[in-house]
Amino acid sequence: MQTINKYLLIFTILLSPFTSIGQRFKKPQNLVKYDFKKLHFGFTLGINALSFNVQKSNNSLNNDTLLSILAQNQKGFNLGIVSNLRLGRYTDLRFIPTLVFGERILDYRFNETNNLTINSKRIESTLIDFPIYIKYKSARYNNFRTYLLCGVKYSLDIASQYKIDDEGQELVKLNNHDLMIEGGFGIDFYLQYFKFSPQIKISHGLINILSKDKTVYTETINNLKTSVWMLSFTFE
């Protein structure tokens, strides 16, 4: 949560000068007919942090040596293709298939013979996201407008190892299908030849993606759901 708040603060500070200047001065508009297009396309790229929401099972309470399970987010990057359908003056329907590269770490802390040990399980993911959003836009002022996004997305992990024999390595395996809700906000800048849009999005998984086995690393977890934030830059 501290990471998310930090990026929200940075995003707000970066946008403040543009907003104050736009309110003081009326400027000639770029791309005057852009918002009247029924359909347009673009691309997006950015950075992400994948993590987990961990819900322990009752087995963890019965395990005297396991003290805690902590999820660490790790930075990755993403790129995608934007398809935008105009629904009305202030609303759009957006479909943005995205390739996401990232990894997550689960830290298991054990107390064995009064010695604290940490076993870290690193989980690499290559996701193909298929999100559908409703974009609600403010009125345009000069060459910018703000907007909100909300929607759902299906995610396919093509790097999932849930069917692979771990050969005694005790891997934490994830199912390759996921479903998430997603929300975010950003600002559209209308430049001379294209529209540039920085945005922040936060996703929360709806289903348990843990592939159970007979090890302490999965038996002590009841639910493992995805948590993601993304800072993206869209060019349309």
Assess whether side-chain contact (heavy atoms from CB on, under 4.5 Å) is satisfied between Asn176 and Ile158, documenting all intermediate values. CA-CA 7 Å; Asn176 60 342; Ile158 59 177; over 6 Å; no
Rounded distance (nearest 0.5 Å) linking atom [atom1] of [X] with atom [atom2] of [Y]:
X      : Y      : atom1 : atom2 : result
Leu106 : Ile221 : CG    : CD1   : 5.5 Å
Leu93  : Tyr133 : CG    : OH    : 12.0 Å
Met180 : Ile207 : CE    : CD1   : 8.5 Å
Ile187 : Thr146 : CD1   : OG1   : 6.5 Å
Leu127 : Tyr154 : CG    : OH    : 10.5 Å
Ser203 : Trp229 : OG    : CH2   : 12.0 Å

Side-chain H-bond candidate by donor/acceptor type, [X] with [Y], under 3.5 Å:
X      : Y      : answer
Thr98  : Asn78  : no
Gln72  : Asp107 : yes
Gln192 : Asn30  : no
Ser125 : Arg104 : yes
Ser197 : Thr234 : no

Taking it one step at a time, do Asn223 and Leu210 satisfy side-chain contact (heavy atoms from CB on, under 4.5 Å)? CA-CA 7 Å; Asn223 275 296; Leu210 181 66; over 6 Å; no
Count the heavy atoms belonging to other residues, nucleotides or ligands that lie under 6.0 Å from OH of Tyr136, then report whether that count exceeds 12.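 No.
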Please check if the side chain of [X] supplies one atom and the backbone of [Y] the other of a donor-acceptor pair under 3.5 Å.
X      : Y      : result
Asp157 : Ala159 : yes
Ser232 : Gln199 : no
Lys201 : Glu182 : no
Arg140 : Asn142 : yes
Asp129 : Pro97  : no

For Asn53 and His204, which heavy atoms make the closest approach, and how far apart are they?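 Smallest heavy-atom distance, with atoms named: ND2-ND1, 3.7 Å.
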Minimal non-hydrogen separation, Pro131 against Phe95, with atom names: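 The answer is O-CD1, 3.2 Å.
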Same cluster or not: are [X] and [Y] linked, directly or through other Ile, Leu, Val, Met, Phe, Trp or Tyr residues, by side-chain heavy atoms under 4.5 angstrom apart?
X      : Y      : answer
Val216 : Leu224 : yes
Val82  : Tyr190 : no
Ile96  : Leu50  : no
Phe235 : Ile47  : yes
Leu70  : Val228 : no

Is any side-chain heavy atom of [X] closer than 4.5 Å to a side-chain heavy atom of [Y]?
X      : Y      : result
Tyr108 : Ser68  : no
Phe41  : Glu236 : no
Gln74  : Ile105 : yes
Ile202 : Met230 : no
Leu85  : Leu87  : yes

If you measure from the Lys or Arg side-chain nitrogens to the Asp or Glu carboxylate oxygens, is any gap between [X] and [Y] under 4.0 Å?
X      : Y     : value
Glu103 : Lys75 : no
Arg145 : Asp35 : yes
Arg86  : Asp92 : no

Phe110 and Tyr217 aromatic ring geometry - parallel, tilted or perpendicular at 30°/60° bounds: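 Perpendicular, since the angle between the ring planes exceeds 60°.
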With under 30° as parallel and over 60° as perpendicular, where do the rings of Tyr34 and His40 fit, or are they tilted in between?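 Tyr34 vs His40 ring planes: tilted.
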Cation-pi, Tyr147 ring and Lys135 (6.0 angstrom, 45 degrees):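 Yes - Lys135 lies over the ring of Tyr147, closer than 6.0 Å to its centre and within 45° of its axis.
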CA sep, side-chain torsions, deciding dist, call: Asn143, Leu191, side-chain contact (heavy atoms from CB on, under 4.5 Å): CA-CA 7 Å; Asn143 288 312; Leu191 306 181; over 6 Å; no
Determine, step by step, whether Ile209 and Phe52 satisfy the side-chain contact (heavy atoms from CB on, under 4.5 Å) criterion, reporting the C-alpha distance in whole Å, the side-chain angles of both residues, the deciding distance to 0.1 Å, and the verdict. CA-CA 10 Å; Ile209 59 173; Phe52 293 116; 4.0 Å; yes
